[in-house]
Amino acid sequence: MDTVASLNETAIPVVLQPTMDAFMKLLEKQRGEIESVACKTFRYGQTERHNLDVYYPPANAAANGTVPVLFFVYGGGFASGDRKFKPPYDLAYTNVGAFFAKRGILTVIPDYRLVPVGKFPNQAEDVRDAIAWFLSNTAPVAAGSPFALSLDSPAIFVMGHSAGANIITTLFLYPPVLPLDSPIRAATRGLIPQGGAYTFDFARQITQPGLLETLYGSQERTLELMPSALLAKADEELVKSLPDIFALASELEPPIIKKGSDEFVKSLEDRGCRVRYEIMKGHNHISPHAALHSGEGEEWGVQVAEFVRSKI
């Protein structure tokens, strides 16, 4: 965390590389332990962007062979990101799966379509399809575990960071993709959005020029379909269908992301949603997930694991 503190900057392009490099050095020291966690890849759709990795808890971490399930949807500005990176960053996200698996939480990390191939609402559809595939294929998933594992009626939790937070909140706020009677809504016990892109301001863009127009179709559609707008026009039945929410933001977020997070949480609270909101102390936008299993800055991950366990 010393590197994060020394940067004196919040802009994502500035902090990205030094933050990742610092934590990859720490994770490398834990490589053996991280890679000791059983992981299996499954195909949930038709393309190479429709694969997911399942990280299995060790036998001593699962109570009676029954485990909650955490889906993690990574960010990357809608146009980049992978569930597994190439060396020297190959422990990124693998560390996330291992961290939560070791705490008795079966963790699933799916890929999804990226801009320009993936356009609204393709990313939300992909996450929906990944969860739906999981719920329909619990037997083969359980069979991949190194010990006897029960996934009957699993308790699902959905966590997303940055663009991933946009995707998961869109999914649950946009009934054309996830109808109110969807089995996914019934199975989901909690949403965990982190450092999300909930609101866009074309006068203060944090994405690549033209990306949002490609993603949503136009500036007008962006402002109509961004998560904060979907929440503002959600009817009471949709709002009541939302699971408990544990929202997080980094202490050193870019100001526009921190402001958007604060406002989105307040809007959720004003609509009567059950929301917990925590600030990840000492973290910038990039560092929270890179920190897991590094021995530094893991407190937020412990809080998430506790939140998940409290809901089952």
Side-chain angles (χ1 to χ4, degrees), residues 1-31 34 49 72-99 109-116 118 123 159-168 192-201 204-212 214-215 248-261 279-301 304:
M1 296 295 287
D2 290 343
T3 296
V4 175
S6 71
L7 292 174
N8 295 317
E9 180 58 81
T10 63
I12 296 170
V14 176
V15 304
L16 174 59
Q17 199 67 51
T19 300
M20 290 296 292
D21 287 345
F23 279 105
M24 290 307 109
K25 291 178 181 178
L26 296 175
L27 292 177
E28 188 62 41
K29 297 176 183 178
Q30 304 295 326
R31 178 177 289 275
I34 292 170
R49 295 299 304 177
F72 171 58
V73 182
Y74 53 75
F78 302 101
S80 66
D82 288 286
R83 71 189 195 283
K84 284 186 176 176
F85 291 99
K86 295 179 180 179
Y89 303 105
D90 53 313
L91 291 178
Y93 299 146
T94 300
N95 66 317
V96 176
F99 181 89
I109 305 180
D111 279 332
Y112 55 87
R113 285 171 287 177
L114 303 171
V115 172
Q123 291 90 354
M159 179 171 73
H161 175 244
S162 195
N166 170 292
I167 293 166
I168 70 168
I192 310 166
Q194 305 168 290
Y198 311 115
T199 300
F200 298 110
D201 181 348
R204 301 172 62 203
Q205 290 198 51
I206 58 171
T207 56
Q208 302 171 21
L211 185 142
L212 293 175
T214 301
L215 174 62
L248 299 106
S250 291
E251 183 179 13
L252 303 175
E253 293 282 9
I256 191 171
I257 292 182
K258 179 59 168 59
K259 181 174 182 288
S261 295
I279 302 301
M280 295 179 281
K281 299 296 184 182
H283 281 289
N284 62 30
H285 188 73
I286 301 301
S287 60
H289 301 88
L292 295 184
H293 225 301
S294 75
E296 298 184 13
E298 300 175 321
E299 295 83 2
W300 74 268
V304 167

- E9 atom CD: more than 12 heavy-atom contacts under 6.0 Å: yes
Minimum heavy-atom separation for [X] and [Y], please, with both atom names.
X: M159; Y: I168; value: C-CD1, 3.9 Å
X: K258; Y: A249; value: CD-CB, 4.4 Å
X: A79; Y: L211; value: CB-CD1, 3.6 Å
X: N95; Y: A290; value: ND2-O, 3.5 Å
X: G297; Y: H283; value: O-NE2, 2.9 Å
X: T3; Y: A22; value: OG1-CB, 3.5 Å

Once you round to the nearest 0.5 Å, how far does [atom1] of [X] lie from [atom2] of [Y]?
X: I256; Y: T10; atom1: CD1; atom2: OG1; result: 11.0 Å
X: S162; Y: H289; atom1: OG; atom2: NE2; result: 9.5 Å
X: R113; Y: R49; atom1: CZ; atom2: CZ; result: 10.5 Å
X: H293; Y: K29; atom1: NE2; atom2: NZ; result: 15.0 Å
X: D82; Y: I109; atom1: CG; atom2: CD1; result: 11.5 Å
X: F23; Y: E296; atom1: CZ; atom2: CD; result: 6.0 Å

- Task: Any chance you could lay out the side-chain contact (heavy atoms from CB on, under 4.5 Å) test for L215 and Q123, step after step, and finish with the verdict?
- Result: CA-CA 10 Å; L215 174 62; Q123 291 90 354; 3.5 Å; yes
- Message: I'd like to check the side-chain contact (heavy atoms from CB on, under 4.5 Å) partners of L16; sequence neighbours left out, ordered by chain and number.
- Response: M20, I286
Tell me, do [X] and [Y] make a side-chain contact under 4.5 Å, heavy atoms counted?
X: N166; Y: F200; result: yes
X: I12; Y: I257; result: yes
X: V15; Y: L252; result: no
X: P288; Y: M280; result: yes

- Query: Looking at residues at least two apart in the chain, or sitting in another chain, which of them share a ring-ring contact (aromatic ring centres under 6.0 Å, His included) with H285?
  - Reply: H161
- Task: Taking ring-ring contact (aromatic ring centres under 6.0 Å, His included) as the test, write out the residues that go with Y93, two or more places apart.
- Result: F72, Y74, F85
With [X] via salt bridge (Lys or Arg N to Asp or Glu O under 4.0 Å) - residues at least two apart:
X: E28; result: R31
X: D21; result: none
X: D201; result: none

- Query: Hey, mind stepping through T19 and L7 against side-chain contact (heavy atoms from CB on, under 4.5 Å) and telling me if it holds?
  - Reply: CA-CA 9 Å; T19 300; L7 292 174; 3.6 Å; yes
- Task: Would you please test Y112 and R83 for side-chain contact (heavy atoms from CB on, under 4.5 Å) and show each step?
- Result: CA-CA 9 Å; Y112 55 87; R83 71 189 195 283; over 6 Å; no
- Item | Derivation and outcome, side-chain contact (heavy atoms from CB on, under 4.5 Å), residues S294 and L27 | CA-CA 5 Å; S294 75; L27 292 177; 4.0 Å; yes
- Task: Could you tell me whether the side chain of E251 and the main chain of G282 form a donor-acceptor pair under 3.5 Å?
- Result: yes
